[in-house]
Amino acid sequence: MAVIITPVEGYTGPGVAGLHFEDGRAETDSASVVAYARRHGYTVEDDAPQDKPAGRSRSRGKTSKG
């Protein structure tokens, strides 16, 4: 479980991805929400190992013919 802390101290209200912040803090298990929060200046307190968010992979085995 990760705790997301807003850049606005003491904020209470709705946040990204349906999170609800209470006194500037919200909890999530979502790796993508954690990644978003980090990219946008939120502090993240994480008690679990950081997972890489799911993403697109490159196709393998294709070569270009010149």
Side-chain angles (χ1 to χ4, degrees):
M1 178 80 54
V3 176
I4 311 294
I5 302 170
T6 66
V8 179
E9 188 175 336
Y11 174 74
T12 297
V16 68
L19 292 178
H20 179 77
F21 286 90
E22 184 72 36
D23 196 26
R25 301 169 70 89
E27 295 181 345
T28 186
D29 285 325
S30 171
S32 59
V33 173
V34 168
Y36 174 92
R38 286 189 170 122
R39 285 193 313 269
H40 289 89
Y42 292 76
T43 300
V44 177
E45 294 176 352
D46 202 354
D47 64 357
Q50 188 174 343
D51 291 336
K52 183 177 178 182
R56 297 172 69 187
S57 62
R58 294 184 192 180
S59 296
R60 294 181 183 225
K62 291 185 177 181
T63 58
S64 60
K65 295 180 181 179

*Asks:* For Ser30, give me all partners under side-chain hydrogen bond (donor to acceptor under 3.5 Å, both in side chains), at least two apart in sequence or on another chain.
*Replies:* Ser32

*Asks:* Closest heavy-atom contact between Gly15 and Phe21?
*Replies:* CA-CE1, 3.7 Å

*Asks:* Taking the side chain as every heavy atom from C-beta outward, state whether Tyr42 and Ile5 have any pair of such atoms under 4.5 Å apart.
*Replies:* no

*Asks:* Of all the heavy-atom pairs spanning Thr12 and Asp23, show the shortest one and how long it is.
*Replies:* OG1-N, 3.0 Å

*Asks:* Can you give me the closest heavy-atom contact between Pro7 and Gly41, atom names plus distance?
*Replies:* CG-O, 3.7 Å

*Asks:* Once side-chain hydrogen bond (donor to acceptor under 3.5 Å, both in side chains) is applied, do any residues pair with Glu45, and if so which ones, sequence neighbours excluded?
*Replies:* Arg25

*Asks:* Just to verify, what does His20 make a ring pair (Phe, Tyr, Trp, His ring centres under 6.0 Å) with, not counting sequence neighbours?
*Replies:* none

*Asks:* Suppose we screen for ring pair (Phe, Tyr, Trp, His ring centres under 6.0 Å). Which residues come up paired with Tyr36, at least two apart in sequence or across chains?
*Replies:* His40

*Asks:* According to side chain to side chain contact (heavy atoms under 4.5 Å, CB included), who are the partners of Val44, at least two apart in sequence or on a separate chain?
*Replies:* Ala2, Ile4, Val34, Ala37, Arg38, Asp46

